[in-house]
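Letters go in sequence order (proteins before strands), and every chain restarts at 1. What you see is a predicted model; the values in this text were computed from it and never measured.
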Amino acid sequence: MSKIKTPQAIRGTQDIFGPDAEAFAFVVETFERVRKLYRFRRVEMPVFEKTEVFSRAIGETTDVVSKEMYSFEDRGGESLTLRPEFTAGIARAFLTNGWQQHAPLKVATHGPLFRYERPQKGRYRQFHQIDAEILGAGEPQADVELLAMADQLLKELGIEGVTLHLNTLGDGDSREAWRAALIDYFSAVRGELSEDSQERLEKNPLRILDSKDPRDRKFVGDAPKIDAFLSDDARAFFDAVTSGLDAAGVKWARAEGLVRGLDYYRHTAFEFIPDEGSAAAAALGSQSTILGGGRYDGLMESLGGAPTPAVGWAAGIERLAMLVGDKSEALADAVVVVEDDACMASAIATLGKLRAAGLTGELVASGSPRKRFDKAVKSGAKAIVALSLRDGEENRRIKADEADQARIEALLG
RNA sequence: GCGAUCGUAGCUCAGUUGGUUAGAGCGCCGGUUUGUGGUACCGGAGGUCGGGGGUUCGAGACCCCUCGAUCGCCCCA
């Protein structure tokens, strides 16, 4: 016998099975239900795009683009990339398909995304998100509706101990002024910052605000606040969002340090984060954000489109699935036991009738005939239909509670 | 990319300062018992101890390399 070495799974991919797969499905099914309540339209998107869709939309200097993309050349020599997020692809579709005609357009989707990262708890190279976007809507009402949907989704998933952290990054001018002030402020104490933050000062100064390093934390408190740089319009926008959330009954907390990693965000930025010390926080390990997003009014232009305001969010299905509790696989309504192989054909027909009537069920017809009934009992099935031979005649016995017994007997005749 | 911990049957794990033919439970397969029944007992299959090299009379245990997993940093959902 030659020994063939079994190829192993790619690092950071998952084979989701059993209760974990049930929890995953529960998240997706709940999302599908809730998104219909809010009248978001379903879209199916390609898993890969031209590389420039992401590099232009997300920003060349971001980690996602500069070191986490799965890019490759196709046979025509074109650089393609497995999507690291949904938003860029959806924006591309909005432009190339003329979806402007449907604006404001509310869409929802879900599926796999790919990022070349070191796997750890709640982080994978192929991971899955649910995603919701409102395209072509510049009014704060859109932000409110989107957040209300996220809030309801988490409630319907039964997730508790999670709070909406909300911030504004202002419009383009506000954001730039704030950014410049932060650079001034942190540059003055540059030498006392962590190595990482000294680097952030060059690449992404906003990120220093949510550094975990104590050397940085002591300066963060007194750092310039976005509020001081907001234009009147930007302030009015944020006020409209927060009062809308209050009206919708969505609880939120102002998070002045909350920024987003990607370049395209403007105005509203938000994350749903487990409260410290909660069961949810413990279940997630160091990955705290379960749902995040914001407004990205500048994105369409970076893809060559007309200025188009939009808001969206995405949530990691794996992370949500870790918070929804045990979702064990359902027990069978009925199991048909073939206690004598002579009854096989009859058993198959019997099972067919049960399933046609909407009962879930399966066959137990392997292994020692004497142990098959025990196997069925052990499976926990609500009803057991056992077929055996008695004096050369087929004998059917049903073990179930009275109601099921009567129902099944009526079905089988 | 960096760091820490860990890789022994299908699964969960034992395996004493390195010492004969590597074990248990569960699961699986078969048999006996029971006989309208989730019982008990017996037996069986299944491991080049992640892989490679080294130290040693002798390595699952020690050293090096490598692969993988887990958790954390960075970043992010």
Item to check | Dot-bracket line, read 5' to 3' along RNA chain B, where crossing pairs take [ ] and | marks a partner on another strand, Watson-Crick or G-U under 3.5 Å | outcome: (((((((..((((.....[...)))).(((((.......))))).....(((((..]....))))))))))))....

Checklist entry - Can you tell me how far C1' of B:U32 sits from CG of A:Asp374, to the nearest Å? => result 14 Å

Checklist entry - Taking atom C1' of B:C75 as reference, at what distance in whole Å does atom CD of A:Glu195 sit? => result 17 Å

Next on the checklist: Rounded at 0.5 Å granularity, tell me how far OG1 in A:Thr163 sits from CD1 in A:Ile273.
Outcome noted: 8.5 Å

Item to check | Pi-cation contact, A:Tyr116 with A:Arg125 (under 6.0 Å, within 45°) | outcome: yes

Item to check | Under-4.0 Å salt bridge between A:Glu145 and A:Lys106 | outcome: yes

Item to check | Side chain of A:Ser286 - closest among B:A77, B:G72, B:C74 | outcome: B:G72

Checklist entry - Across the strands shown, which category fits A:Arg372 at heavy-atom distances under 4.0 angstrom: base, sugar-phosphate, nothing? => result nothing

Item to check | Residue-level proximity of residues 118-130 of chain A to RNA chain B when a heavy atom falls under 4.0 Å | outcome: A:Arg118, A:Gln120, A:Lys121, A:Gly122, A:Arg123, A:Tyr124, A:Phe127, A:Gln129

Item to check | Interatomic distance at P, B:G30 relative to B:C62, whole Å | outcome: 41 Å

Checklist entry - Which value, in whole Å, describes the distance between the P atoms of nucleotides B:A24 and B:A45? => result 12 Å

Item to check | C1' atoms of B:U32 and B:C71, separation to the nearest Å | outcome: 49 Å

Item to check | Of the listed nucleotides B:C76, B:C74, B:U39, the one nearest the side chain of A:Arg115 | outcome: B:C76

Checklist entry - So does A:Arg83 pair up with A:Glu49, basic N to acidic O under 4.0 Å? => result no

Next on the checklist: Categorize A:Glu318 for me: base, sugar-phosphate, or nothing, with a 4.0 angstrom heavy-atom threshold over every strand shown.
Outcome noted: nothing

Item to check | Side chain of A:Lys378 (C-beta onward), nearest among B:G38, B:A77, B:C75 | outcome: B:G38

Item to check | Electrostatic pair A:Arg190:A:Glu202 at N-O distance under 4.0 angstrom | outcome: yes

Item to check | Separation between the P atoms of B:G46 and B:G7, rounded to whole Å | outcome: 26 Å

Item to check | Nearest-nucleotide comparison on RNA chain B, the residue closer to the 5′ end among A:Gly285 and A:Thr289 | outcome: A:Gly285

Checklist entry - To the nearest angstrom, how far is A:Lys375 atom NZ from B:G30 atom C1'? => result 12 Å

Checklist entry - Where is the tightest heavy-atom contact between A:Val335 and A:Ser379, given as atom of each residue plus distance? => result CG2-OG, 4.0 Å

Checklist entry - Is the shortest distance from a Lys or Arg side-chain nitrogen in A:Arg42 or A:Glu32 to a carboxylate oxygen in the other one below 4.0 Å? => result yes

Checklist entry - Could you give the NZ-to-P distance, from A:Lys67 to B:C2, as a whole number of Å? => result 11 Å

Checklist outcome for this item: Rounded to whole Å, CG of A:Leu153 lies from C1' of B:A77 at a distance of 13 Å

Next on the checklist: Between C1' on B:G1 and CD on A:Glu117, what's the gap in Å once rounded to a whole number?
Outcome noted: 12 Å

Checklist entry - Do the charged groups of A:Asp171 and A:Arg266 touch, with an N to O distance under 4.0 Å? => result no

Item to check | Option passing side-chain hydrogen bond (donor to acceptor under 3.5 Å, both in side chains) with A:Thr268 (candidates A:Thr242, A:Asp143, A:Asn167) | outcome: A:Asp143

Next on the checklist: Could you tell me how far B:U34 sits from B:G38 if I compare only their P atoms? Round to whole Å.
Outcome noted: 14 Å

Checklist entry - With a 4.0 Å cut-off on heavy atoms, is A:Gln8 in touch with a base, just the backbone sugar-phosphate, or nothing at all? => result sugar-phosphate

Next on the checklist: With nearest nucleotide decided by heavy atoms, which residue, A:Asp210 or A:Lys399, maps closer to the 5′ end of RNA chain B?
Outcome noted: A:Lys399

Item to check | Electrostatic pair A:Glu192:A:Arg215 at N-O distance under 4.0 angstrom | outcome: no

Item to check | C1' atoms of B:C49 and B:U39, separation to the nearest Å | outcome: 36 Å

Checklist entry - If you check every side-chain atom of A:Arg207, which of B:A69, B:C76, B:A77 has the closest atom? => result B:C76

Checklist entry - What's the shortest heavy-atom distance between A:Ser174 and A:Ile226, and which atoms? => result O-CD1, 4.2 Å

Checklist entry - Does a side chain donor of either A:Glu117 or A:Tyr124 reach within less than 3.5 Å of an acceptor in the other side chain? => result no

Item to check | Atom-pair distance (CG on A:Leu258; P on B:A77), nearest Å | outcome: 11 Å

Just the table, please: protein N/O against nucleotides 33-35 of chain B N/O, every pair under 3.5 Å.
residue	atom	partner	partner atom	Å
B:U34	O4	A:Arg370	NH2	2.9
B:G35	O6	A:Arg370	NH2	2.6

Next on the checklist: Taking B:U17 as the reference, what is the distance to B:C42 when you measure between their P atoms (whole Å, please)?
Outcome noted: 33 Å

Next on the checklist: If I take atom CZ in residue A:Arg319 and atom P in nucleotide B:C71, what distance separates them, rounded to the nearest angstrom?
Outcome noted: 12 Å

Next on the checklist: Taking the basic N atoms (NZ, or NE/NH1/NH2) and the acidic carboxylate oxygens, is any pair closer than 4.0 Å for A:Asp227 and A:Lys225?
Outcome noted: no

Next on the checklist: Is it the case that over 12 heavy atoms from other parts of the model lie below 6.0 angstrom from the CZ atom of A:Arg41?
Outcome noted: no

Item to check | Separation of the P atoms in B:A69 and B:C11, to the nearest angstrom | outcome: 15 Å

